[in-house]
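Letters A, B, ... mirror the listed sequences (proteins, then strands); counts begin at 1.
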Number of protein chains: 2
Amino acid sequence: MSEPQDRASGIQVIDRAVCLMQALARYPHPVSLKILAAECGLHASTAHRILATLALHHWVDKPSEGYALGSALVRLAARARPAPRWREIALPILAELCEALGESVNLTVREGDEVVYVERSVPNRMMRVEQVIGTRAPLHVTSVGKILLGAEGATAISRYAERTGLLPLTKNTIRQTEALIDACLTAAHTGFAFDNEEAEIGVGCIGVLVRDADGVPVAGLSISSPIERRQDHWVTHLQAAAKKIEARL
Amino acid sequence: MSEPQDRASGIQVIDRAVCLMQALARYPHPVSLKILAAECGLHASTAHRILATLALHHWVDKPSEGYALGSALVRLAARARPAPRWREIALPILAELCEALGESVNLTVREGDEVVYVERSVPNRMMRVEQVIGTRAPLHVTSVGKILLGAEGATAISRYAERTGLLPLTKNTIRQTEALIDACLTAAHTGFAFDNEEAEIGVGCIGVLVRDADGVPVAGLSISSPIERRQDHWVTHLQAAAKKIEARL
DNA sequence: AAAATCGTTTTCACAATATGAAATTATCAA
DNA sequence: TTGATAATTTCATATTGTGAAAACGATTTT
């Protein structure tokens, strides 16, 4: 399938190990060494050595035929960020709002300099905006991301800008640090933000935050629609939905 | 804490990466680089490089302070062996049996040449046998393991013996391949097996299998007790409990 | 304000380490 | 049996990860 995979340059062996496990995750059950090696562009010998090491730690299992993801992962994942069960908590509310407005509603969480789509509800219309769950987007091109950035203050935003280079996804993506600071600070102040075709031409978003009992932001809630359908008064709906989600945390 | 960690010899970097993530899993929330490096006996520089690579793939997260297990793990683990939710399925039945007999009842699943304890219920008595969940034991020293081995036939058992060397845990552990084949074949034939202080002096077990709708063994169910309290008629209780679990799969 | 302290990150020369071609073994078909 | 395919193991090699030390950044102390 995909040969190059993510060529993220870290420690070579680890990149390769990750690639192998991701490949494993793509298949329903057991995969042969041959296939795995091919998927990651590795020689069978190399793949075998890496998989054998992972198997040693039970990160992969070696049933009679081929390889599969191992049980140690389950134990690890259990300890990984005790994420709220968003599906149970938020999905009904996303669906409700989606139904009411006839537009896509997304729940996102921050992760480093990105925002990850964890749940969504899409309307039953021909033209609609659809986010794939698990997808990521840089903070500065999303509504929710701007509110989050705004909360960190001007200097933090500058650092973000330097660090990431503010790479533009469309001609509307904010490129100047000054402009970004402006946008983020007002976003943080008002509690909501827009995305004006900054991530993809044609789509616009409105976003607000979901906070836990201590007021710490734990997620973002946003409506994505064709830009010409967007209506400013949706903000109040969003805020109400966010309140409902907060109540269920 | 523990310096040497598991010195399983595979690819060095991977061993180290695994060690770091295991260390991470031990802590409730975010851990500093310093501590992680120390726990695994690594230099800060090395630990940093490895963690940075893992972070690249979101296997660890880097919140403002320290490191934590990343979100990619949950996505991976979701694809890992679609294990039945044993806790929900079996725990009530384990508890019931445990209550009735006043002895510890364990649920195990096979993993390679080992059996892993995944659930258990312990009685409220002073002297009792307690298995730690997540612990492993070689097939040939457990009741359940012997039934599983028996199902594979004499030659497979011989291969198992060669492969593992039948390392003895107590003076009662079966050391001869012939004896093991005998024990396993009768175990497979009768559907239950014993462990006579083969894993630990003083404790005895009786075990049976739990099978899915196709008759494939998916787990083992066993009673562990001080050897002198063990009663042969417990087998029938075990079989009844196994039936109940099977009904709930 | 400087100065000092502590943790994290980057750099870099070096050798230990992971690599992959090829040889070996295991598995399975014809 | 032979032949073909996949999984391991071996081994010489240079590529790769290593760790000491230095730079950096954030806090605290003087």
Side-chain angles (χ1 to χ4, degrees), chain A residues 3 7-21 23-24 27 30-57 60-68 112-113 152-164, chain B residues 3 5 7-20 23-24 27 29-57 60-68 112-113 152-153 155-156 158-160 162-164:
Chain A
E3 283 282 332
R7 263 275 129 264
S9 53
I11 294 180
Q12 192 187 61
V13 210
I14 292 182
D15 289 339
R16 288 171 165 183
V18 168
C19 180
L20 283 168
M21 298 200 58
L24 268 179
Y27 288 79
V31 196
S32 78
L33 175 67
K34 191 88 174 290
I35 294 179
L36 287 174
E39 288 241 5
C40 297
L42 300 176
H43 285 236
S45 164
T46 306
H48 174 262
R49 218 171 330 109
I50 294 174
L51 287 167
T53 303
L54 291 169
L56 219 51
H57 300 284
V60 308
D61 268 350
K62 221 185 139 339
S64 31
E65 285 295 293
Y67 294 86
D113 286 341
E152 302 192 345
T155 64
I157 303 175
S158 299
R159 278 206 304 277
Y160 168 87
E162 277 183 54
R163 188 164 64 233
T164 67
Chain B
E3 282 282 331
Q5 209 45 35
R7 263 275 130 265
S9 54
I11 294 180
Q12 191 188 62
V13 211
I14 291 183
D15 288 339
R16 288 171 166 183
V18 168
C19 180
L20 284 169
L24 267 179
Y27 287 80
H29 262 332
V31 197
S32 78
L33 174 66
K34 191 87 174 292
I35 294 179
L36 287 174
E39 289 240 6
C40 298
L42 299 176
H43 285 236
S45 162
T46 306
H48 174 261
R49 217 171 329 109
I50 294 173
L51 286 168
T53 303
L54 291 169
L56 220 51
H57 301 284
V60 308
D61 269 348
K62 220 186 136 345
S64 31
E65 287 293 293
Y67 294 86
D113 286 342
E152 302 192 345
T155 65
S158 300
R159 276 206 305 277
Y160 168 87
E162 277 184 55
R163 188 165 62 231
T164 66

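- Along DNA chain D, the nucleotide closest to A/Val13 and the one closest to A/Ser32 are compared, and the more 5′ of them pairs with A/Ser32.
- Checking D/dT18, D/dG17, C/dT8 against the side-chain heavy atoms of B/Ile50 singles out D/dT18 as nearest.
- For C/dT19, the OP1/OP2 oxygens have no side-chain nitrogen or oxygen of A/His43 closer than 4.0 Å.
- Atom C1' of nucleotide D/dT5 and atom NE2 of A/His48 are separated by 16 Å, given to the nearest angstrom.
- Residues A/Ile14 and A/Lys34 each lie close to DNA chain D; by heavy-atom proximity, the contact nearer the 5' end of the strand is made by A/Lys34.
- Among the nucleotides C/dT9, D/dT8, D/dG19, the one closest to the side chain of B/Tyr67 is C/dT9.
- B/Thr53 contributes atom OG1, which lies 11.0 Å from atom CD of A/Gln12 (distance to the nearest 0.5 angstrom).
- The shortest distance between side-chain heavy atoms of A/Val31 and A/Glu39 does not fall below 4.5 Å.
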- Task: Determine, for nucleotides 22-30 of chain C in 5'-to-3' order, which nucleotides have protein heavy atoms under 4.0 Å from the base (write B), from only the sugar-phosphate (write S), or from neither (write -).
- Result: ---------

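- Between A/Leu54 and B/Ile14, the shortest heavy-atom contact is CD2-CG2, 3.9 Å.
- When rounded to the nearest whole Å, the span between CD of A/Gln12 and P of C/dA16 equals 20 Å.
- With rounding to whole Å, A/Leu51 atom CG is found 16 Å from C/dG20 atom C1'.
- Residues A/Leu20 and A/Tyr67 fail the side-chain proximity criterion, which asks for heavy atoms closer than 4.5 Å.
- A/Arg16 contributes atom CZ, which lies 9.0 Å from atom CZ of A/Arg49 (distance to the nearest 0.5 angstrom).
- Remark: C1' of C/dC6 and CG of B/Leu33 are 13 Å apart, rounded to the nearest angstrom.
- Checking the phosphate oxygens (OP1, OP2) of D/dG19, a side-chain nitrogen or oxygen of B/Arg16 falls inside 4.0 Å.
- Separating the CG atom in A/Leu51 from the CG atom in A/Leu56 is a distance of 12.0 Å, to the nearest 0.5 Å.
- Rounding to whole angstrom units, CG of residue A/Asp15 and C1' of D/dT15 are separated by 15 Å.
- Here B/Thr46 does not reach the OP1 or OP2 of D/dT18: none of its side-chain N or O atoms lies under 4.0 Å away.
- Take the nearest nucleotide of DNA chain C for A/Arg49 and for B/Arg49: the residue whose nucleotide is more 5' is B/Arg49.
- With rounding to the nearest 0.5 angstrom, the SG atom of A/Cys40 is 12.0 Å from the CD1 atom of A/Ile35.
- The distance between atom CG of B/Leu42 and atom P of D/dG17, rounded to the nearest whole Å, is 15 Å.
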